[in-house]
*Asks:* 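Quick one: this structure, given as structure tokens, is what I'll be asking you about.
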Amino acid sequence: MAPPTRVFLQNGRRETGLSRRSLLTGLAVFGGLAATGCSRVAAEDAVEGGDLLERLRERGTVKVGIASEPPFGYINDDGEPTGEAPEIAKVIFSRLGVDNVEPVPVDFSALIPGLKAQIFDVVSAGMYIIPERCEQVLFADPDYQMPDSFIVPAGNPHNITRYEDIAEQGLTLATGQAYAEIEYAVAAGVPRGEILILPDQVAGLDAVSQGRADAFAGTNVTVMDVVEGNSRVESTEPFVPIVDGEPAYGAGAFAFRPSERNLRDAFNDELHKLKQSGELLEIVAPFGFTEAEMTELTAEELC
């Protein structure tokens, strides 16, 4: 998660929707489209700031890339997109004159490539804003902020509380594909080549339960959710990672193609209205988010 303050679960035990590992068919389609996508990409500066918003209004539908990761974005049992980010998307795009939100589920690591290849119009997956991603996409301001946590064996036998504990004890760390947690771990001294990369937090739970990893790193909300009811593992206390002596605040946002600044700015305007009115918290509260997860950080600060 995806892939760095909060604590929440959604409706006890949320709908799980599709797991990343169930998306092989979607990924195959993505691969085929990506191969031809470059021929369909509009010239970046054909319109000052981009005209995608106007085209979306004409079409009446916005395609959003999601990574099937509760509570951020996933497909429910009725085949509809839901989660923190898709529900925000429904409200904001409706107010921008685009009534239909169509999900395009892909693996987390395929979100930015899919956006750049125009497989979908915006990333709606609670993606963390980090400098490396800022070089590739244009972020809206974050709609939430959250700390990290680990899945560890019950009793936390190695007393793992920070990434530094993994490095100092030479333990095996697992995390998800393209997760920001990879860079947090490397910054703390964990050798990049020794990090076990897995599809998602469910696979992480399995790895820890089976002894293939000493810990799985993810966002606090996803870690807490996946360990619920499992007696073999537990979640550690949430924490903010330190990178180069500074706290690495995990704040997630919608991502746009760099050529579509007009759409990003219009989206940001509506997002700020939701924040100011308190409606944003009302939208995301059913997915376990609280006032503690609300943030006034900006994309500019985080990039």
Side-chain angles (χ1 to χ4, degrees), residues 1-11 14 17 64-74 81-93 95 101 103 108 111-112 122-131 133-134 137-149 176 178-181 184 200-201 217-226 235 237-241 247-256 264 267-303:
M1 150 115 87
T5 16
R6 21 284 187 351
V7 176
F8 3 105
L9 307 185
Q10 172 187 354
N11 301 331
R14 311 180 242 285
V64 300
I66 64 175
S68 295
E69 182 182 34
F72 302 110
Y74 58 100
T82 190
E84 176 263 349
E87 294 303 327
I88 294 173
K90 292 174 187 178
V91 173
I92 290 183
F93 278 105
R95 294 180 182 181
V101 174
F108 190 89
L111 286 168
I112 290 179
V122 58
V123 171
S124 177
M127 179 177 281
Y128 278 179
I129 302 174
I130 58 175
R133 292 173 182 160
C134 295
V137 300
L138 193 63
F139 279 106
D141 287 332
D143 41 76
Y144 75 88
Q145 177 184 339
M146 147 177 325
D148 274 11
S149 186
Y179 279 23
E181 283 77 8
Y184 299 160
D200 54 25
Q201 68 273 18
T219 59
N220 181 48
V221 63
T222 55
V223 165
M224 286 190 63
D225 185 40
V226 77
S235 60
E237 289 296 317
F239 67 97
V240 176
Y249 295 109
F254 286 71
F256 304 80
R264 191 284 306 269
F267 185 96
N268 250 354
D269 287 343
E270 295 299 329
L271 176 64
H272 292 160
K273 292 175 185 177
L274 294 180
K275 289 184 177 184
Q276 292 165 6
S277 68
E279 190 175 357
L280 179 63
L281 180 55
E282 294 176 5
I283 294 169
V284 302
F287 304 96
F289 290 74
T290 70
E291 182 66 38
E293 286 66 64
M294 299 297 97
T295 180
E296 294 301 321
L297 288 169
T298 66
E300 182 177 3
E301 291 173 312
L302 294 163
C303 284

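This is a predicted model, so every value here is computed, not measured. Worth knowing before you read on, the calculation uses all heavy atoms, side chains too, and leaves out hydrogens, waters and symmetry mates.
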*Asks:* Ignoring hydrogens and geometry, is there a side-chain-to-backbone donor-acceptor pair from Asp141 to Asn268 under 3.5 Å?
*Replies:*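 No, Asp141 side chain to Asn268 backbone: no donor-acceptor pair under 3.5 Å.
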*Asks:* Can you check side-chain contact (heavy atoms from CB on, under 4.5 Å) on Phe287 and Glu87, steps first, answer last?
*Replies:* CA-CA 10 Å; Phe287 304 96; Glu87 294 303 327; 3.6 Å; yes
*Asks:* I need the minimum non-hydrogen distance between Ala125 and Ala67, along with the two atoms involved.
*Replies:*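 The answer is CB-N, 4.2 Å.
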*Asks:* Do you know the tightest heavy-atom contact between Pro142 and Ile129?
*Replies:*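 So the minimum-distance heavy-atom pair works out to CD-CD1, 3.9 Å.
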*Asks:* Are the side chains of Glu270 and Phe93 in contact, using a 4.5 Å heavy-atom criterion?
*Replies:*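 No. Closest side-chain heavy atoms not under 4.5 Å.
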*Asks:* Is there a side-chain contact between Thr82 and Tyr74 (heavy atoms, below 4.5 Å)?
*Replies:*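 Yes; the side chains approach each other to less than 4.5 Å.
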*Asks:* Locate the shortest heavy-atom distance separating Ala299 from Ala140; write the atom from each residue and the value.
*Replies:*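 Between these two residues, the closest heavy atoms are CB-O, 3.5 Å.
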*Asks:* Below 4.5 Å, heavy atoms only, C-beta onward: do Glu282 and Ser277 meet side chain to side chain?
*Replies:*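 The answer is no, as the side chains (C-beta and beyond) never meet within the 4.5 Å cut-off.
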*Asks:* What is the distance from atom CG of Leu271 to atom CG of Leu280, rounded to the nearest 0.5 Å?
*Replies:*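 Answer rounded to 0.5 Å: 6.0 Å.
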*Asks:* Quick one: does Val122's side chain get under 4.5 Å of Arg264's, heavy atoms only?
*Replies:*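 Contact flag for Val122/Arg264 side chains = no.
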*Asks:* Which atoms form the tightest heavy-atom contact between Leu297 and Tyr249, and what is the distance?
*Replies:*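 Leu297 and Tyr249 have their closest heavy atoms at CD1-CB, 4.0 Å.
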*Asks:* Can you tell me if Glu301 has over 12 outside heavy atoms packed within less than 6.0 Å of its CD?
*Replies:*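 Yes - once you tally the heavy atoms of other residues, nucleotides and ligands closer than 6.0 Å, there are more than 12.
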*Asks:* Please answer whether the main-chain N or O of Thr290 pairs with a side-chain N or O of Glu293 as donor and acceptor at a distance below 3.5 Å.
*Replies:*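 Yes; judged by distance alone, with no hydrogens or angles, the pair exists.
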*Asks:* First locate atom CZ of Phe139, then atom OG1 of Thr298, and finally report the distance between them rounded to the nearest 0.5 Å.
*Replies:*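 The OG1 atom of Thr298 is 13.0 Å from CZ of Phe139, to the nearest 0.5 Å.
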*Asks:* So which atom in Tyr128 and which in Ala180 form the shortest heavy-atom distance, rounded to 0.1 Å?
*Replies:*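 Nearest pair, atom of Tyr128 first, then Ala180: CD1-CB, 3.8 Å.
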*Asks:* Mind checking the NE2-CD spacing from His272 to Glu296? Nearest 0.5 Å is all I need.
*Replies:*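 Those atoms lie 7.5 Å apart.
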*Asks:* Indicate yes or no: at least one non-hydrogen side-chain atom of Thr219 is less than 4.5 angstrom from one of Phe72.
*Replies:*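 Side chain of Thr219 against side chain of Phe72, heavy atoms only: contact under 4.5 Å found.
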*Asks:* What's the spacing between Cys134 SG and Leu302 CG if we round to 0.5 Å?
*Replies:*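 Answer for the SG-CG pair, Cys134 versus Leu302, is 7.5 Å.
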*Asks:* Provide the closest heavy-atom pair for Pro70 versus Gln201 in the form atom of the first, atom of the second, distance.
*Replies:*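 Reported closest heavy-atom pair: O-NE2, 4.1 Å.
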*Asks:* In Å, rounded to the nearest 0.5 Å, how long is the span from NZ of Lys275 to CG of Asp143?
*Replies:*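 It comes to 7.0 Å.
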*Asks:* Does any part of the side chain of Tyr144, heavy atoms only, come nearer than 4.5 Å to the side chain of Val284, both counted from C-beta?
*Replies:*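 No, their side chains stay 4.5 Å or more apart.
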*Asks:* Roughly how far apart are Asp148 CG and Phe239 CZ, rounded to 0.5 Å?
*Replies:*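 Interatomic distance, Asp148 CG to Phe239 CZ, rounded to 0.5 Å: 5.0 Å.
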*Asks:* Could you give me the CA-CA distance, side-chain angles and deciding distance for Phe254 and Val64, then say whether side-chain contact (heavy atoms from CB on, under 4.5 Å) is met?
*Replies:* CA-CA 10 Å; Phe254 286 71; Val64 300; 5.6 Å; no
*Asks:* Side chains of Val91 and Leu274: does their closest heavy-atom pair fall under 4.5 Å?
*Replies:*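 Val91 vs Leu274: side chains touch.
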*Asks:* Within the 4.5 Å heavy-atom criterion, are Thr222 and Pro71 side-chain neighbours or not?
*Replies:*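 Yes. Closest side-chain heavy atoms under 4.5 Å.
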